[in-house]
Novice: 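Once you've had a glance at the structure underneath, I'll fire off some questions.
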Amino acid sequence: MKIKSKILVNKNPKKLESWKKLEIHFNKIKNIQIKEYFKKNPKRALEMSCSWKGFFLDYSKNRIDEKGMSFLKELAKEADLSIAIKKYFNGEKINSTENRSVLHTALRNFSDKPIFIDGKDIMPEIENVRTKIKNFSKKIISGEWKGFSGKPITHVVNVGIGGSDLGPLMVTEALTFYKNHLKPLFISNIDGDHVREVIKDCPAETTLFIIVSKTFTTQETISNAKRIKKWFLENSSEESIPKHFVAVSTNISKAIEFGIHKENIFPMKDWVGGRFSLWSSVGLISSLAIGYKNFEDLLIGAGEMDSHFRNSPLDNNIPVILSLISIWYNNFYEAESEAIIPYSEYLKSFPSYLQQASMESNGKHVDRNGKPVDYQTGTLIWGATGTNAQHAFFQLIHQGTKLIPTDFIGFKNSLYDEIDHQNKLISNFFAQTEALMVGKNKNNLKSEGVSKELIPFKTFEGNKPSNTLLIEKLTPYNLGALISMYEHKIFTQGILWNINSFDQWGVELGKVLANKVLDELQSKSKINHDQSTNQLINFYRNS
Ligand code: F6P
């Protein structure tokens with residue numbers, strides 16, 4: 001395949017004027033304390049904040065000044081970010097190594113504007129699929145759709161992995177408050193114990209299985225689906241399959257071959273990457289669990305964030321600002337990771353969802369020309385909910401030796417009006433960002449009467465950076481906007497790093513080797529790996 005690497009410009013960011021300015025500026029300001037910036041500029045908090053609808057972002061607690069921010073914005077301009085954004089939304093084939101458009105954004109387009117791929121408007125098909133999801137959701141939720149014994153569906157199991165699991169799982173869990181009577185469950189890992197644990201509590205007569213696989217060839221999903229089908233047939237018969245198995249895939253023939261009724265296949269398109277697919281039919285389980293109306297609100301929120309990203313100037317563009325700050329730490333401070341801390345238990349799967357979205361996208365070692373990069377790309381993403389995280393790994397963020405820029409995400413209003421809890425939750429949320437920045441020095445400790453010996457242990461260096469995102473309330477609309485915000489942060493980073501954020505060749509080698517090893521585990525054939533792998537295979541075979 002000939003790679004059309006010219007679709008997006010190819011500029012090594014290190015060679016850009018703005019990068020050079022950033023290097024010089026970094027050396028000037030790298031040791032300045034964030035506290036000092038606040039002392040100098042009483043308007044810093046206001047100036048380094050922006051809001052959009054129910055979102056308020058305060059990025060003033062970062063190790064950067066106005067000049068640094070303006071050089072970063074120059075970088076975005078020099079890297080032709082605005083042209084890249086146009087190409088992205090207009091459906092140009094910016095995924096050059098797979099010759100594909102990247103149009104998950106079309107799935108949340110509710111304007112009457114057409115979107116073309118190869119001259120064909122894709123909106124009518126998107127609308128048909130939305131209607132299919134809506135009608136199906138209605139039938140399942142209302143109980144009109146019956147299982148083989150005539151009873152309505154009670155349990156829905158999503159069988160998929162990676163993007164066919166993490167997105168719908170995170171969304172369904174995050175919107176639990178809006179959930180109906182259906183019990184959503186997820187099977188992802190090839191781990192047979194996991195499969196058995198989930199199906200053990202599923203009544204075959206009232207369970208619906210959604211087999212979600214873009215390719216319908218993924219080992220984990222297909223093996224799990226086959227195992228589940230076998231279990232189902234022990235409790236029922238072939239004729240009952242259409243009442244209990246539906247599929248989401250681009251590979252219609254493979255889904256039919258598996259035994260899914262043609263009518264029960266929800267199509268996907270190759271211009272939707274797995275990790276960006278929760279907006280497509282892949283989100284079916286979310287629509288079933290929270291109802292189509294809420295699912296559509298999620299799409300609408302994401303679509304409105306798309307408009308914010310496309311149309312806002314850099315100064316006020318939330319995804320762009322977040323990505324520039326992230327590049328600042330990654331490429332100048334050489335920070336290796338970023339923590340994501342949502343102060344909402346509903347968002348407990350948000351960090352792992354973002355791990356795939358970000359690390360599968362931007363974990364790349366070559367640029368858009370296929371040349372090795374001479375700068376750092378994708379950051380490590382990790383995190384957990386606050387306040388739990390405070391009692392687990394915050395020690396390292398506060399007093400460890402690593403620089404870990406952290407995104408704090410919180411909601412102004414709780415869903416159950418638990419005012420006392422909400423105030424405590426939010427006070428922790430704000431206090432952590434303050435403590436990280438302010439720290440505690442020798443003098444503070446002395447004046448508190450702390451003994452000399454203990455002072456080094458009780459000292460907090462401070463100057464730990466964070467972004468604070470405060471959102472009105474956890475609604476489907478705001479969740480959609482939040483996810484879309486991070487998708488565009490990831491996109492912007494990929495553009496500035498001059499990499500292709502939309503392929504994932506790095507997951508292939510392990511898949512191929514696993515198949516080879518599987519054959520060897522199941523036979524006594526001669527093996528020819530490295531010493532360590534040979535030893536492990538022999539150990540397993542002889543057990
Ligand atoms: O192995 C990585 C990956 O290709 C992801 O990008 C994708 O989300 C996942 O596998 C699942 O793929 P599929 O939906 O085709 O089963």
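One-based numbering, in listed order, for ligands and for the atoms of each.
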Novice: When only distance counts, is Thr221 in polar contact with ligand 1, meaning an N/O pair under 3.5 Å?
Specialist: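 No, since none of the N or O atoms of Thr221 sits under 3.5 Å from an N or O of ligand 1.
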Novice: Nearest 0.5 Å, what's the CZ-CD distance between Arg275 and Gln504?
Specialist: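 If I round to the nearest 0.5 Å, the distance is 4.5 Å.
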Novice: Tell me whether Ser349 contacts the main-chain N or O of Met170 through its side chain, where contact means a donor paired with an acceptor under 3.5 Å.
Specialist: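 Absent.
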Novice: Do the side chain of Asp165 and the main chain of Ile187 share a donor and acceptor less than 3.5 angstrom apart?
Specialist: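 Checking the backbone N and O of Ile187 against the side chain of Asp165, no donor-acceptor pair under 3.5 Å is found.
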Novice: For atom 5 (C) of ligand 1, grab the closest protein heavy atom and report residue, atom and distance to one decimal in Å.
Specialist: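 Atom 5 (C) of ligand 1 sits closest to the protein heavy atom Glu360 OE1, 3.5 Å.
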Novice: Any nitrogen or oxygen of Thr215 lying under 3.5 Å from a nitrogen or oxygen in ligand 1? Just yes or no.
Specialist: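 Yes, at least one N or O pair falls under 3.5 Å.
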Novice: Which ligand 1 atoms, with their elements, are less than 4.0 angstrom from a heavy-atom of Ile161?
Specialist: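 Counting from 1, the qualifying ligand atoms are 9 (C), 11 (C).
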Novice: Between Thr176 and Tyr346, what is the shortest heavy-atom contact and its length?
Specialist: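 That closest heavy-atom pairing would be CB-CE2, 3.9 Å.
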Novice: Val507 heavy atoms, cut-off 4.0 Å: which ligand 1 atoms fall inside?
Specialist: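 Counting atoms of ligand 1 from 1, those under 4.0 Å from Val507 are 1 (O), 2 (C).
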Novice: Return a yes/no value for Ser213: is any of its N or O atoms, backbone included, closer than 3.5 angstrom to an N or O of ligand 1?
Specialist: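 Checking ligand 1 against Ser213, an N or O pair does fall under 3.5 Å apart.
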Novice: N/O to N/O below 3.5 Å, does that happen between Gly163 and ligand 1?
Specialist: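 Right, the criterion is met.
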Novice: Below 4.0 Å from ligand 1: does a non-hydrogen atom of Gln356 turn up there or not?
Specialist: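 Checking ligand 1 against Gln356, which is what was asked, there is a heavy-atom contact under 4.0 Å.
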Novice: May I ask you to check whether over 12 heavy atoms, not counting those of Arg541, lie within 6.0 Å of atom CZ?
Specialist: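 More than 12 heavy atoms, drawn from other residues, nucleotides or ligands, come within 6.0 Å of this atom.
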Novice: Could you tell me whether Lys200 and Asp193 have a side-chain N and a carboxylate O separated by less than 4.0 Å?
Specialist: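 Here Lys200 does not pair with Asp193 in a salt bridge, since their nearest N and O are not under 4.0 Å apart.
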Novice: Which residue and atom name correspond to the protein heavy atom nearest atom 10 (O) of ligand 1, and how close is it?
Specialist: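 Checking every protein heavy atom, the shortest distance to atom 10 (O) of ligand 1 gives Lys511 NZ, 4.4 Å.
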Novice: Looking just at side-chain N and O atoms, do Ser286 and Thr172 make a donor-acceptor pair shorter than 3.5 Å?
Specialist: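 On atom types as modelled, these side chains qualify, holding a pair under 3.5 Å.
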Novice: List ligand 1 atoms under 4.0 Å from Thr218, heavy atoms only on the residue side.
Specialist: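 Under 4.0 Å from Thr218, ligand 1 has these atoms: 12 (O), 13 (P), 15 (O), 16 (O).
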